[in-house]
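All remarks here apply to the structure that follows.
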Amino acid sequence: MKFSIFYLAAAVVSLACALPAMAQSAGQTSHLDVDQLFATTCGWCHSDGGRVAGKGPQLMNTKRSDDFIRYRIKHGKEGAMPAFGSTFNDADIDKIIQYIRALKPEQP
Amino acid sequence: MNGKQRKFALSLALAMGTALAASTAMAQTIDSKRIEANNPNDWLTYHGSYNSYHYSGLTQINAKNVKDLSVSWIHIPGHSTRGLQSMPLVADGVLYYSGSYSRVFAIDGATGQVLWSYFPELDDALVARQTHSPYNRGVALGEGKVFVGTVDGRLIALDMKTGKPVWDTKLIDSQKLTIGFTGAPLYVNGEVVIGSQGGEWPVRGKIYAVDATTGKPRWDFQTIAPTEETKKTWGNDSWRVGGGGGWMPGGYDAETNTIWWGTSNGAPLYDWSGPDWMHTGARPGTNLYISSVLGLDAATGKLKFFHQENPHDVWDFDSAVGEFLMIDRGGQKYVVHPNKGGYIFVYDRTANVKNVWPMSHNINYATIDPKTGELSHRRDMTAGKQAELLCPHISGGVSWNSGSYDPKTGLYYKIGNEWCMHLDIVKTTPVTEPQVQLNIGANFQIAPPPSGPIYGHLDARDPITGQTKWEVRYPEPPLASVLSTGGDLVFVPDARGTVHAYDATTGKELWNHGDGTGHQGGIISYAAHGKQYVAVVAGFGGMASDDYGPTFGGVFKSMPRDDGALVVYSLSK
């Protein structure tokens, strides 16, 4: 019971955080917190929240098109990037692309 | 035994082994007794022997003639996504090794002729979703079979002579949990032991034992909170977020029938708890049994003893490194185990701490009391950008690859890594379903240590005291395993693609040769038809090596991450 309450509370907090930035794509809705997503998953390879190259390329100021990024997120790249097509819906991926386009160098 | 007697004994063992290898009719089945006997002609288990020495007693290639070492044969396994990371094994003159996607090859050790190959059919859609995949770090041998784990959660036994599957056992629901097996199994007394991936995945990793004959599971050990008592070490029921596992093969103490195995970190990998980690943060408490060494009864899997090297590990400095050197000295029986954080732990045979010494020079996550193993001056961080670098870097003060202990010199040859990282800890919501796979809990970036550039070093150390006899430095940390031999040699395959041979006593470089691409896997020595060989896998790419291109540039910018070769050397004269 303790566990259920704890995670229910966490889920509510997470939802509340995500609401202002909710994205929609072809009727789909995204509750994804992309800042957190980089800290849990993407940042392993795209260093400093995607601002600099790590195991994967720098995402800030990328010249790649939205379509290219969308395809890469969905299908991955063998031996380099996992495929997230079964994890994220189109609205989620749109939100990730928005995050990448908005990346700026961090203020010292 | 004096020096002359020891040399005679080694020569006798070599001669006996050569005769054995020459006659396949005399080939004995591989069981624990044969592995323990450690015939230098063979390399029967990942760590070379149950005592984890990564040492070959062969003397044909030695400090005087190593200048004449040249390539004898090469094998290209193909489709080496993320390079080659495995440790070849040899029995009776036949070499067995695995490549990416758990492809297994049996090759005539003298000629390089492929005797058979086995390519398992994997769940491609799952492999495409995985992060730590599709590399494989080795096979095990026993009872006429070759055992290999797969990234889709299976353990497979192949007939040693034909390569045909004997059994194929699904141990992990990888389609749901994402994790599988990349580490080599360990054969012990009729069972095959293998540890799952774990760490930063929202999954509770396990160590499994399977019957070598039938493939039926015998026991498993849950590394995260296996009992009600240990659940209390995970506040707020945070044991559900997972971690642990044990992704490298451990060691075996035959005297007590005990398997030694190291476990991974917890999830999220970085916690924002700060110093009050017993009560706050993502996983309040010590979090048993992450970042621990375990002593498991080989017959039952029951925990006999343990030592948690980094209680409440918040740095990913786990204990999954698989080396457990069993060293007898001065009437004491020691076990030496490197921790990813760069410290080397020295235990007695029930994991009581006898000493702890730093292998890396740049460690600032904690200080460890050499008498008790207790941590002090811990860097327990809170959320936000950390003003001070964290050292070592997440790739470790030591790699998952192994060092080598030479019983003749009494020295432990081990690579240390000098690198650090910028870190921004992010408070994340608990991840209990493996939908986006990982739960790291931070953004980070590799950085040189405060004292100067990144580098790596091969040290010749006393394994018990840590005293250094000599050191060789490299501009980039070498990631592969190290081999020492009875020929007074130490071999180091480096990251740029050169294999170096050093004088075991002085550290003087005596020979080197380029393999054409970086190394990050195993190196062994064996004999076939009376001739000694050194076999090394080359092929770059993976969690540590993928940082080398952007960090070091140069040869790493164009180094392939989907290629590899097994290169085998022998004396040309």
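Predicted model only: the values in this text are computed from it and were never measured. For the numbers below, each heavy atom of this structure counts, side chains included, while hydrogens, waters and symmetry mates do not. Throughout, a chain's letter reflects where its sequence line sits, starting with A, and its residues are numbered from 1.
Residue A/R101 places its CZ atom among more than 12 non-hydrogen atoms of other residues, nucleotides or ligands, all under 6.0 Å distant. Counting heavy-atom neighbours within 6.0 Å of B/F552 CZ, excluding the residue itself, gives a total above 12. Within 6.0 Å of NZ in B/K385 there are more than 12 heavy atoms belonging to other residues, nucleotides or ligands.
B/P550 touches chain A through its side chain: at least one heavy atom from C-beta onward sits under 4.5 Å away, while N, CA, C and O do not. Heavy atoms closer than 4.5 Å to chain A are found in the backbone of B/K427, but not in its side chain. Proximity to chain A (any heavy atom under 4.5 Å) is restricted, for B/I394, to the side chain, taken from C-beta onward. The contact between B/L269 and chain A is made entirely by side chain atoms (from C-beta outward), counting heavy-atom distances below 4.5 Å.
Smallest separation of non-hydrogen atoms from B/N439 and A/T40: OD1-CG2, 3.4 Å. Annotation for A/F38 and B/N443: closest pair O-OD1, 3.4 Å, computed over non-hydrogen atoms. Between B/T81 and A/G79, the shortest heavy-atom distance links the atoms CG2-CA, 3.2 Å.
By number of non-hydrogen pairs under 4.5 angstrom with chain A, the leading residue of B/Y548, B/F444, B/Y270 is B/F444. Taking B/D424, B/T428, B/V426 one by one and counting their heavy-atom pairs under 4.5 Å with chain A, the maximum is reached by B/T428.
For the atom pair CG (B/L126) and OG (A/S86), the distance works out to 9.5 Å, reported to the nearest 0.5 Å.
When side chains are defined from C-beta on, A/E78 does not count as touching B/D124, because their heavy atoms never get closer than 4.5 Å.
Screening residues 540-560 of chain B for salt bridge (Lys or Arg N to Asp or Glu O under 4.0 Å) gives A/K55-B/D547, B/R82-B/D546, B/D546-B/R561 as the qualifying pairs, with residues at least two apart or on separate chains.
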